[in-house]
Visitor: 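I am attaching a structure below and will ask some questions about it afterwards.
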There are 2 protein chains.
Amino acid sequence: MRSAEFDREAVLRAAMNAFMEKGYNKTSMQDLKRATGLHPGSIYCAFENKKGLLLASLEQYNLDRSEELRAIFHEQNGALSGLQAYLDSIVAECISGDPTQSCLSQKAINEIAQTDAQAQAVLSQQCVMWQSFMKDIFMQAEQEGVITGERLPEQRAQSLIVGIYGLRTFSQAQKDASIIASLANQLIHDVCR
Amino acid sequence: MRSAEFDREAVLRAAMNAFMEKGYNKTSMQDLKRATGLHPGSIYCAFENKKGLLLASLEQYNLDRSEELRAIFHEQNGALSGLQAYLDSIVAECISGDPTQSCLSQKAINEIAQTDAQAQAVLSQQCVMWQSFMKDIFMQAEQEGVITGERLPEQRAQSLIVGIYGLRTFSQAQKDASIIASLANQLIHDVCR
DNA sequence: AGCTATCTTGAATAAACATTCAAAATAAAG
DNA sequence: CTTTATTTTGAATGTTTATTCAAGATAGCT
């Protein structure tokens, strides 16, 4: 017997970064070998193939992001200031211009969900989970009395997610920091109205 | 002397469709040969290389979409019903699931703007043109008195574009027609408030 | 220490890739 | 009809690609 040597999470995070920098299709196995430090054979042994590595990276990405999301809202007192902090962090990522601070899920939705049913299924489910988390936040905000109940929490959550997807795309075409920040503020305002 | 045989616009529209179906990086020269009916040599003679063909397709795509945009608003009386018709058409595209009804500019922003400065410049400029057109619509709506002047037309235009980008991404992860339609309605509501 | 199952290694493979080019074809000009 | 400039053609190029595999290394068990 013999146990695997590499740190699975570290490998997946390295692969995530590689995929975010070049996109799935432009990231070659050689890029992934360099990024992860794993030889081709090890990658195929552990993840079946390139798409398997992407799917595993997507799962890890979702775990990491979910953790981060929970942490942001936990650090704040009140749903509204949590929302504010969350959008501030997204604006910071948009403005940074750092590819590794972009959203791997969103990139994958745009690049491969259309042509790969397996990836589509994973990404769809992750999107639903995100919605569910945000719905809970808006329910909490209602209970706190900081927003009135004109819209359903679920709808607010969906509008917020649409806004975040849009913000990330917009910021790549229009890199003006103050515009991005002001659009994020407007988004919070609209979603909490 | 000898003039070119192929119809440039038809070739570019064929290339557009090919790029929309597979994305830029996954679309091979063989795909483009099949789609356009042009032999490799002719493509390289007319467009320099694969990226040149993409950039030319992007220009044509923008021309076609601008025309369509003008037509939609021209067919309606009043800025508001124009906006309604415009979003209806986008919702229809999102719901169709037809790759050739997706947005080539948005796909390109997500797939290559990050890694190619030339594409980034073209896409950025096209986004600004789109904003400018929508700003005029919101100014018209103000003059018609159908919306009050609490927000600047430019901000409304930007929020609308963010919403449309978001809607297109969201609809690929969550293909529920009624949700997309209701998110679009909410978007109009928020942007016109 | 020795055995064995499993992982690591990295060269080898075959397919697919973007691009080039010289020959053949053809439209316009004389 | 002949010439000439330009386009079309499609096979050839050399690179890069994802993937495989047999040999070597090593961890855990007895």
Side-chain angles (χ1 to χ4, degrees), chain A residues 1-58 60 104 107-108 111-112 114-119 122, chain B residues 1-58 60 104 107-108 111-112 115-119:
Chain A
M1 306 254 176
R2 187 186 171 190
S3 49
E5 278 179 9
F6 65 86
D7 176 349
R8 188 184 159 93
E9 288 192 13
V11 161
L12 289 178
R13 293 204 183 96
M16 269 166 40
N17 288 343
F19 285 135
M20 284 195 275
E21 286 188 42
K22 290 197 174 188
Y24 174 70
N25 285 305
K26 252 289 163 140
T27 304
S28 67
M29 286 305 294
Q30 202 169 320
D31 291 330
L32 292 166
K33 170 179 180 258
R34 219 190 328 262
T36 62
L38 254 47
H39 292 250
S42 296
I43 294 179
Y44 280 81
C45 178
F47 305 104
E48 182 102 9
N49 53 28
K50 189 184 162 187
K51 205 186 83 183
L53 179 54
L54 174 75
L55 293 174
S57 300
L58 240 21
Q60 186 62 51
L104 181 60
K107 290 211 86 172
E111 193 182 350
I112 53 165
Q114 195 176 85
T115 51
D116 186 288
Q118 211 176 343
V122 170
Chain B
M1 305 256 176
R2 186 185 172 190
S3 51
E5 278 178 11
F6 66 86
D7 177 349
R8 190 184 157 94
E9 288 192 13
V11 161
L12 289 179
R13 292 202 183 98
M16 268 166 42
N17 287 343
F19 285 134
M20 283 195 276
E21 285 189 42
K22 291 196 173 189
Y24 174 72
N25 285 306
K26 253 287 166 146
T27 304
S28 67
M29 285 306 294
Q30 201 169 320
D31 292 330
L32 293 167
K33 171 180 180 263
R34 220 189 327 261
T36 62
L38 256 48
H39 291 251
S42 295
I43 294 179
Y44 280 81
C45 178
F47 304 104
E48 183 101 8
N49 53 29
K50 188 185 163 186
K51 206 185 84 184
L53 178 56
L54 174 76
L55 293 174
S57 300
L58 239 21
Q60 186 63 50
L104 181 61
K107 290 211 86 171
E111 192 181 353
I112 52 166
T115 51
D116 185 290
Q118 212 176 341

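Chain letters run A, B, ... following the sequence lines, proteins first, then strands; residues in each count from 1.
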Visitor: Side-chain contact, heavy-atom cut-off 4.5 Å: B:Thr27 with B:Leu54?
Guide: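 B:Thr27 vs B:Leu54: side chains apart.
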Visitor: Could you check whether A:Lys50 makes a cation-pi contact with A:Tyr24, meaning its NZ or CZ is under 6.0 Å from the centre of the six-membered ring and within 45° of the ring axis?
Guide: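 Yes, A:Lys50 and A:Tyr24 form such a contact.
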Visitor: Rounded to the Å, how far apart are B:Leu53 CG and C:dT19 C1'?
Guide: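 So the CG-C1' distance, B:Leu53 to C:dT19, works out to 14 Å.
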Visitor: Determine yes or no for a side-chain-to-main-chain donor-acceptor pair under 3.5 angstrom, with B:Glu111 supplying the side chain and B:Asn25 the backbone.
Guide: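 Side chain of B:Glu111 to backbone of B:Asn25: a pair is present.
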Visitor: Output, in order, the C-alpha distance, side-chain angles, deciding distance and verdict of side chain to side chain contact (heavy atoms under 4.5 Å, CB included) for A:Lys26 and B:Thr115.
Guide: CA-CA 10 Å; A:Lys26 252 289 163 140; B:Thr115 51; over 6 Å; no
Visitor: Are the side chains of B:Lys33 and B:Met29 in contact, using a 4.5 Å heavy-atom criterion?
Guide: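 The answer is no, as the side chains (C-beta and beyond) never meet within the 4.5 Å cut-off.
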Visitor: Expressed as a whole number of angstroms, how long is the span from B:Asn49:CG to C:dC17:P?
Guide: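 Rounding to the nearest Å, CG of B:Asn49 and P of C:dC17 are 17 Å apart.
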Visitor: Find out whether A:Arg34 and A:Asp31 are in side-chain contact, i.e. whether some heavy atom of one side chain is under 4.5 Å from a heavy atom of the other.
Guide: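 Side chain of A:Arg34 against side chain of A:Asp31, heavy atoms only: contact under 4.5 Å found.
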Visitor: A:Tyr44 has an atom OH; how far is it from atom P of D:dT19, in whole Å?
Guide: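 Distance, rounded to whole Å: 3 Å.
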Visitor: Is any side-chain heavy atom of B:Ile43 closer than 4.5 Å to a side-chain heavy atom of B:Asn49?
Guide: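 The answer is no; the side chains never approach within 4.5 Å.
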Visitor: Tell me: CD of A:Glu48 to P of D:dT19, nearest whole Å?
Guide: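 Nearest whole value for this atom pair: 10 Å.
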Visitor: Using a cut-off of 4.0 Å between protein heavy atoms and nucleotide atoms, how would you tag nucleotides 7-12 of chain D 5' to 3' with B, S and -?
Guide: BSBB--
Visitor: Can you tell me the distance, in whole Å, between the CG atom of A:Asn25 and the P atom of C:dA18?
Guide: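 Atom-to-atom, A:Asn25 to C:dA18, this comes out as 11 Å.
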Visitor: Nearest-Å distance, CE (A:Met29) to C1' (C:dA11)?
Guide: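 In whole Å, C:dA11 C1' and A:Met29 CE are 15 Å from each other.
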Visitor: Is there side-chain contact between A:Phe6 and A:Thr36, with heavy atoms separated by less than 4.5 Å?
Guide: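 Side-chain contact under 4.5 Å: no.
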Visitor: Pairs under 3.5 angstrom, nitrogen or oxygen only, protein versus nucleotides 13-16 of chain D, please.
Guide:
none

